[in-house]
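Notes to accompany the following structure.
Since the structure is predicted, the reported quantities are computational estimates derived from the model, not experimental observations. By convention in this document, chain letters (A, B, ...) are assigned in the order of the sequence lines, proteins followed by strands, and residues within each chain are numbered from 1.
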Amino acid sequence: MTEKSFAQKVLAWYEQHGRKHLPWQQDITPYKVWVSEIMLQQTQVSTVINYFSRFMEALPTIKSLAEAPQDEVLHLWTGLGYYTRARNLQKTAQIIQHEYQGNFPNTLEALIKLPGVGRSTAGAILSLSMNQRAAILDGNVKRVLCRYFAIEGYPGDAKVSNKLWQLAEDLTPYERVNHYTQAMMDIGATVCTRSKPVCLICPVQTDCQARKYASITDYPHPKPKKELPKKQTVMPLFKCQNSVLLYQRPNIGLWAGLWSLPELGSYDEIEKYAQQQGLQMIKLKPLEKLIHTFSHFQLTIEPYLIEVIPAINEIAESKKIWYNLIEPQRLGLAAPVKKLLTKVI
DNA sequence: AAGGCGGGGCT
DNA sequence: AGCCCAGCCTT
């Protein structure tokens with residue numbers, strides 16, 4: 001006896017555990033599958049059940065949907081979100097009504113052209129309602145495949161997505177595609193869940209690569225964090241005895257109202273700045289660079305510790321202070337500034 | 001508080 | 001092609 005194929009295992013699982021009593025699985029039609037798929041794109045099954053039933057009661061046919069007032073369609077959609085989908089739903093119903101004599105097209109190419117129907121939804125309609133061999137790749141299936149094959153990379157990335165589609169199509173059986181498709185979605189939704197997957201009851205656990213390496217929840221890889229824009233600044237710590245020169249930031253913008261070190265564009269500006277402030281530089285020592293991450297950018301701080309002698313007739317300014325490191329004044333400091341100050345005591 | 005979801009629309 | 005968005009829900 002030869003080893004069962006992936007699809008055979010999935011189909012065997014479907015017999016026992018697959019969902020067969022959902023409202024859109026009764027007296028299956030392309031219309032029901034389509035409406036349910038659009039709803040399921042954004043909402044979980046338990047919620048969709050009620051919306052779906054109400055929707056079908058009010059608009060039981062493509063024709064009724066095509067001819068309904070838009071307000072009626074949106075009313076039935078209220079609470080589901082993504083309202084352009086409700087509008088697309090009606091647009092597509094009108095196209096089917098007028099250009100396809102009320103019958104769903106039965107090819108991938110034609111289905112994909114319908115507004116709101118992409119490759120995955122088209123695959124679902126073909127396989128679930130027409131038992132045509134077509135693959136789907138919704139979030140559930142993506143997760144199952146990413147884990148089973150330990151797919152590296154973010155599934156939203158085009159290269160990774162192409163790979164997943166290829167695998168999804170290769171695995172799709174020639175018989176009982178409808179059951180296979182339903183089973184894949186069910187496994188993703190009930191077994192191979194995002195967190196706490198129940199591998200022990202999974203029909204394909206033995207060959208699952210992610211499970212093999214005990215790294216199930218490492219897959220699918222998360223969306224890579226966008227690299228934050230990088231900015232640089234030079235911060236001189238002008239030090240005289242136990243005090244460092246700080247200045248107060250304006251009341252708007254970054255670090256509003258907090259006290260900070262001077263922020264200079266480059267090392268070359270230090271001397272000029274010191275001169276302006278009437279500071280005589282005695283000794284200069286570069287400190288270790290400091291990276292500070294904001295929500296929207298990353299700031300690399302190049303600090304320099306500079307011993308200075310202030311001018312005799314130094315002018316006091318309200319926005320300027322000699323901050324005593326031994327007996328610190330009580331005032332607000334920008335976080336990285338606070339950190340820098342602890343290093344020079 | 002962040003991230004996922006399938007497709008559309010913009011660059 | 002790659003990026004961002006929608007609106008609600010889960011984690």
Side-chain angles (χ1 to χ4, degrees), chain A residues 24 30 33-52 54-55 70 73-96 104-105 108-129 134-147 151 153-165 167-169 181-182 184-198 210 216-229 293-296:
Chain A
W24 47 92
V33 168
W34 168 54
V35 172
S36 67
E37 281 301 314
I38 302 296
M39 288 182 173
L40 287 164
Q41 282 171 12
Q42 62 212 31
T43 313
Q44 61 181 32
V45 168
S46 59
T47 310
V48 165
I49 288 173
N50 295 313
Y51 278 90
F52 180 83
R54 279 200 310 146
F55 196 98
Q70 181 176 282
V73 181
L74 290 172
H75 170 71
L76 291 164
W77 208 263
T78 298
L80 278 177
Y82 283 105
Y83 298 96
T84 58
R85 285 168 204 234
R87 283 188 283 274
N88 278 337
L89 206 68
Q90 190 170 35
K91 268 194 217 163
T92 284
Q94 290 163 351
I95 292 169
I96 292 174
F104 257 86
L108 193 64
E109 297 69 37
L111 283 167
I112 284 175
K113 284 188 188 143
L114 299 169
V117 178
R119 189 168 168 187
S120 189
T121 303
I125 294 169
L126 287 170
S127 60
L128 293 174
S129 73
I136 62 160
L137 192 62
D138 69 0
N140 288 317
V141 177
K142 268 184 210 165
R143 191 168 50 252
V144 173
L145 296 182
C146 281
R147 288 174 176 170
I151 301 284
Y154 171 59
D157 180 77
K159 278 182 78 174
V160 179
S161 173
N162 287 338
K163 195 179 199 170
L164 288 168
W165 269 111
L167 290 167
E169 285 176 351
T181 297
Q182 185 63 49
M184 286 297 283
M185 298 193 294
D186 292 348
I187 291 169
T190 65
V191 178
C192 198
T193 49
R194 198 135 69 86
S195 53
K196 300 182 187 173
V198 199
I216 302 127
T217 49
D218 288 355
Y219 300 90
H221 286 356
K223 182 184 175 132
K225 303 245 186 242
K226 273 199 293 272
E227 187 120 328
L228 296 173
T293 304
F294 294 91
S295 59
H296 48 307

Report the nucleotide, chosen from [options], that has the shortest atom-to-atom distance to any side-chain atom of [X].
X	options	answer
A:Arg194	B:dG7, C:dA6, C:dT11	C:dT11
A:Ser120	B:dG4, B:dG7, C:dA6	B:dG7
A:Ser195	C:dG7, C:dT11, C:dC9	C:dT11

Between [N] atom [atom2] and [X] atom [atom1], what is the distance in whole Å?
X	N	atom1	atom2	answer
A:Asp138	B:dC5	CG	C1'	9 Å
A:Asn140	C:dC9	CG	P	17 Å
A:Leu89	B:dG7	CG	P	13 Å
A:Tyr154	C:dC3	OH	P	11 Å
A:Met185	B:dC5	CE	P	15 Å
A:Ile136	B:dC5	CD1	P	13 Å
A:His221	B:dG4	NE2	C1'	17 Å
A:Gln41	C:dC5	CD	C1'	15 Å

Point-to-point distance, once rounded to the nearest 0.5 Å, from CH2 of A:Trp34 to CG of A:Leu128:
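The distance works out to 15.5 Å.
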Identify the pairs formed between an N or O of the protein and an N or O of nucleotides 8-11 of chain B at a distance under 3.5 Å, and give each distance.
from: B:dG8; atom 1: OP1; to: A:Gly116; atom 2: N; distance (Å): 2.5

Looking at [X] and [Y], would you say the former's side chain and the latter's main chain have a donor-acceptor pair under 3.5 Å?
X	Y	result
A:Thr92	A:Pro115	yes
A:Ser161	A:Gly156	no
A:Arg147	A:Ala210	no
A:Thr193	A:Thr190	no

Would you say [X] reaches [N]'s phosphate, i.e. side-chain N/O to OP1/OP2 under 4.0 Å?
X	N	answer
A:Tyr83	C:dC8	yes
A:Thr121	B:dG7	yes
A:Gln42	C:dC9	no

Would you sketch DNA chain C in dot-bracket for me? Only Watson-Crick or G-U wobble pairs with both distances under 3.5 Å count, crossing pairs as [ ], other-strand pairs as |, the rest as dots.
|||||.|||||
Is there a side-chain contact (heavy atoms from CB on, under 4.5 Å) between A:Asn88 and A:Ile38 once you walk through the steps?
CA-CA 10 Å; A:Asn88 278 337; A:Ile38 302 296; over 6 Å; no
Considering heavy-atom distances to DNA chain B, does A:Pro222 or A:Trp165 have its closest nucleotide positioned more toward the 5' end?
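Result of the comparison: A:Pro222.
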Distance check, P atoms only: B:dG8 and C:dC9, in whole angstrom units.
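Those two atoms are separated by 23 Å.
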Both A:Ala158 and A:Thr43 contact DNA chain C. Which one's nearest nucleotide lies toward the 5' end?
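Checking each residue's closest nucleotide, the 5'-ward one belongs to A:Ala158.
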Need to verify one output field. Residue with the more 5' nearest nucleotide on DNA chain C, A:Ser46 or A:Asp157?
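Counting from the 5' end, the first nearest nucleotide belongs to A:Asp157.
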Closest non-hydrogen atom pair between A:Glu169 and A:Ala135, with its separation
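Looks like CG-CB, 3.5 Å.
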Heavy atoms only: give me the nearest A:Leu108-A:Arg119 pair and the separation to one decimal.
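In terms of heavy atoms, the two residues are closest at CD1-O, 4.3 Å.
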So A:Glu37, base contact, sugar-phosphate only, or nothing? Heavy-atom distance under 4.0 Å.
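Touches nothing.
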Counting any heavy atom closer than 4.0 Å, what does A:Ile38 reach on the DNA or RNA strands: base, sugar-phosphate only, or nothing?
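The answer is nothing, as A:Ile38 stays clear of every strand by at least 4.0 Å.
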Suppose we screen for side-chain contact (heavy atoms from CB on, under 4.5 Å). Which residues come up paired with A:Val144, at least two apart in sequence or across chains?
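In terms of side-chain contact (heavy atoms from CB on, under 4.5 Å), with neighbours along the sequence ignored, A:Val144 is linked to A:Met184, A:Ile187, A:Cys192.
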I'd like to check A:Met39 versus A:Phe55 (side-chain heavy atoms, cut-off strictly below 4.5 Å). Are they in contact?
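A side-chain contact under 4.5 Å exists here.
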